[in-house]
Protein chains: 2
Amino acid sequence: MRPTVTDIAREAGVSLATVDRVLNGRPGVREKTISAVNEAIARLGYVRDLAAANLARGRSYKVAAILPDTESQFVQSLADALATAGSLAVTSRIDLRLLRFPAEDPHQLAALLASLPHQGYVGAALMAPETPVVRDAVRLVRSKGIPVVALVSNLPNAGCDHFVGIDNTAAGRTAGVLMGRFLGAGPGQIIVVGQSLLARDMVDRRRGFDEVMLRDFPNLDVLPSLETHGSSGTLREVVTRRLANSPNVIGIYSMGDGHRALTQLIDDMKLSGRITVICHELTPHVRTALQQGQVTAVITQNLGHLARSTLRVLRAKADNQPLDESQEQIRIEIVLRENLPILPDPPGPTPDDQIA
Amino acid sequence: MRPTVTDIAREAGVSLATVDRVLNGRPGVREKTISAVNEAIARLGYVRDLAAANLARGRSYKVAAILPDTESQFVQSLADALATAGSLAVTSRIDLRLLRFPAEDPHQLAALLASLPHQGYVGAALMAPETPVVRDAVRLVRSKGIPVVALVSNLPNAGCDHFVGIDNTAAGRTAGVLMGRFLGAGPGQIIVVGQSLLARDMVDRRRGFDEVMLRDFPNLDVLPSLETHGSSGTLREVVTRRLANSPNVIGIYSMGDGHRALTQLIDDMKLSGRITVICHELTPHVRTALQQGQVTAVITQNLGHLARSTLRVLRAKADNQPLDESQEQIRIEIVLRENLPILPDPPGPTPDDQIA
DNA sequence: GCATTTCTGAGGAACGTACCTCATTTTTTG
DNA sequence: CAAAAAATGAGGTACGTTCCTCAGAAATGC
């Protein structure tokens, strides 16, 4: 049997009330007594029964997931994954609220963040570019004791409690090897496209990609990055121009989430199968492109995993509990047509036997 | 606030005791009353608080993980992963026992399985080849109400409650594409090695591999499978012979867990870098081989994930709860030198702040 | 319609923890 | 050394559930 608070009280020779005071950091206990209790805890290997504790507290973890209001398929899928994970997590007393902010307005985001403490939130996950305004807002929230974790794109200077997402430099490197090995010896040119060179994840991916290409595949000529600023029109325009100007393009690396416009372009120019295309994020649309051959490989992260990890991390941070790092390390997944995971069943209603 | 049993009693116009009888399937309640209670449950959207229920029950989930006693690095790593997951899961009242059986003796395994019901087990995960004896033993245990899940290698005809592991045919296909694409147009020969053609997972992998090779890479000549029966000596012998007899081997697909002997052989024959080697399972040893270049790519599954999934599934089955299928789908991971995940910290003792 | 069986209700104890109050002891301070 | 302050103990209630007993009500058999 696991030891309980009563056992500790007995072992430490103090009363239950004192153990409780120590355990919950309540004032009015002498240092000497505190260490006596802690020693008893260590001796007995006591681990607090969090389920019972939460039951007693009547606690629920109100947490926020804050995403930009862009309607990209990736953000949408992420929102869905979070919502699903959140609804399944009511069992573990997690109350997840999805909040959105105008993608181009860091001040509104800052205001949103600042309002969290008054509303009983015990944690927040944030997907946003790191501007000074945002950075300060994050610092403010954290200083009020609310943990903040960065989602998908890291915020290295905001001092977040954790980063939930993949190592983007490693992801870029992976894209590099695949590109290099799939293309064989070369020679040829490679187009690189991304939303913006200001976003952290883009920069990291490009760096990783270049690292591998320069070192291992010197015959492949990686052209300067093209920026789309999230616009299909711009993408079409810049890529078309680059293709026209470059005689021997044999690969395209799309660093952002897979662009619908890119697939379209590949179709229009009949490039499918003749050119190796690697992109990120397995959205429904990229799935199709993979199956039909416009896209050769996808570097992705499992959004369900990401969402559940977010919730676990927020909960652990709120409880001041240590993380199981190996569980929270989001894997970089490589998806080819052949290992395309079967589409899971649609969410569906809670079956009746839920409470059986 | 979530509704509680008291709310249901009020809503259904019955007493708490009756609600409890219905909820826990205890006898002595009229059909009519049962449905009245169930309707109230549905109306209020009641979901039992499992944490409170388990607390009241004083329940712990005693489950078994049954592995062969082979000392392969894969099985060893799996055992470690299970042990780690198990010790972290004491928080959720899971009491995992690791049991081993002599790899070549299905009768001992059957006896072990048969002994589970008397020992208070509420579930078991089993990694074993599917022989008739084992199949019947599994059926017997399940008929006693103890759920059994297959681990790593499926037991399709034993009627297990679940299979925790990857889709091996898809894994074989993935190995196929990688081999094909890495080797380019060919021509050349490919050696395929595996433990035994009787093991289900080997058969599935070979089928998937052939499917892709025949369809997409007809210039590559896949030679008949070689069997090692788990012996390093045999491996060395058969592969050496095959290499001597085949003029143009450019790839090796090792279907079992990465063989230390294979790496050794590649080194001895100075094949590293000149031949594409794909194998399964990212054991410590395969990690090194990947870093040093003897192995080109590894198809693997995350053992931590596998272990945690096993525990979640067993717990859900013991509770008759539905699974979150998408969470339990183990992904087929492709590991290259470039996306080699950072080795997580050694397990280490429980930090002091565990109970903070 | 009366005995018998089957249902139902009321209540309590327990699980391990949190959190509260009040009384008592111990320590500190002047 | 007394008074004030600080530390500790004792005890209770609560969280949402399980599981038990016993009394009383309702349905059933003859």
Side-chain angles (χ1 to χ4, degrees), chain A residues 1-38 40-41 44-61 90-93 318-321 354-356, chain B residues 1-38 40-41 44-61 90-93 95 122 318-321 354-356:
Chain A
M1 265 324 210
R2 276 166 59 185
T4 72
V5 274
T6 318
D7 297 321
I8 295 178
R10 194 181 331 105
E11 176 80 13
V14 301
S15 76
L16 226 120
T18 302
V19 174
D20 178 60
R21 288 183 187 112
V22 173
L23 234 35
N24 295 293
R26 276 185 262 276
V29 188
R30 266 182 310 173
E31 274 307 324
K32 214 178 115 192
T33 317
I34 293 184
S35 38
V37 171
N38 282 330
I41 287 175
L44 267 53
Y46 169 79
V47 180
R48 175 201 247 124
D49 184 334
L50 259 185
N54 287 334
L55 175 61
R57 279 201 179 98
R59 155 164 217 178
S60 80
Y61 302 80
V90 292
T91 324
S92 39
R93 312 187 106 78
D319 278 339
N320 251 310
Q321 282 253 319
Q354 174 85 23
I355 53 125
Chain B
M1 263 327 210
R2 275 166 59 184
T4 72
V5 275
T6 318
D7 298 320
I8 294 177
R10 196 181 331 105
E11 175 80 14
V14 300
S15 77
L16 226 125
T18 303
V19 173
D20 178 61
R21 287 180 188 115
V22 174
L23 233 37
N24 294 292
R26 275 186 262 279
V29 188
R30 264 184 309 173
E31 273 309 322
K32 213 179 118 192
T33 317
I34 293 185
S35 35
V37 171
N38 281 330
I41 288 176
L44 267 55
Y46 168 79
V47 180
R48 175 203 251 123
D49 184 333
L50 258 184
N54 286 335
L55 176 61
R57 280 201 181 99
R59 156 166 213 174
S60 79
Y61 301 79
V90 291
T91 326
S92 39
R93 313 187 108 75
D95 175 13
V122 300
D319 278 338
N320 251 309
Q321 282 251 321
Q354 172 88 19
I355 53 124

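Note that the structure is a prediction, hence the values are computed from the model and not measured. Just so it is clear: chains get the letters A, B, ... in the order the sequence lines come, proteins before strands, and each one is counted from 1.
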Pairwise 5' ranking along DNA chain C for Arg93(B) and Val29(B), keeping only the more 5' one: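 Here Val29(B) is the residue nearer the 5' end.
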Which residue lies more 5' along DNA chain C, comparing Gly58(B) with Asn54(A) via nearest heavy atoms: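 The residue mapped nearer the 5' terminus is Gly58(B).
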Closest to side chain of Ala17(A), choosing from dA10(D), dG9(C), dG16(D): dA10(D)
Leu55(B) side chain, from C-beta outward: closest of dG16(D), dT8(D), dC15(D):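 For Leu55(B), the side-chain atoms sit closest to dG16(D).
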Note, Arg93(B) side chain near Asp49(A) side chain (heavy atom, < 4.5 Å):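 The answer is yes; the side chains approach within 4.5 Å.
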Residue whose nearest DNA chain D nucleotide is more 5′ - Asp20(B) or Pro27(A): Pro27(A)
From Thr18(B) atom OG1 to Ile8(B) atom CD1, the distance as rounded to the nearest 0.5 Å: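 It comes to 12.5 Å.
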Value in whole Å for how far the C1' atom of dA14(D) lies from CG of Asp49(B): 14 Å
Gap between atoms CZ and P, on Arg57(A) and dC20(C) respectively (whole Å): 12 Å
For [X], which contact category applies under a 4.0 Å heavy-atom criterion: base, sugar-phosphate, or nothing?
X        : result
Ala53(B) : sugar-phosphate
Arg2(A)  : nothing
Arg21(A) : base

Distance below 4.0 Å between Arg30(B) side-chain N/O and dA26(D) OP1 or OP2: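 Answer no for this pair, as no side-chain N or O of Arg30(B) is under 4.0 Å from OP1 or OP2.
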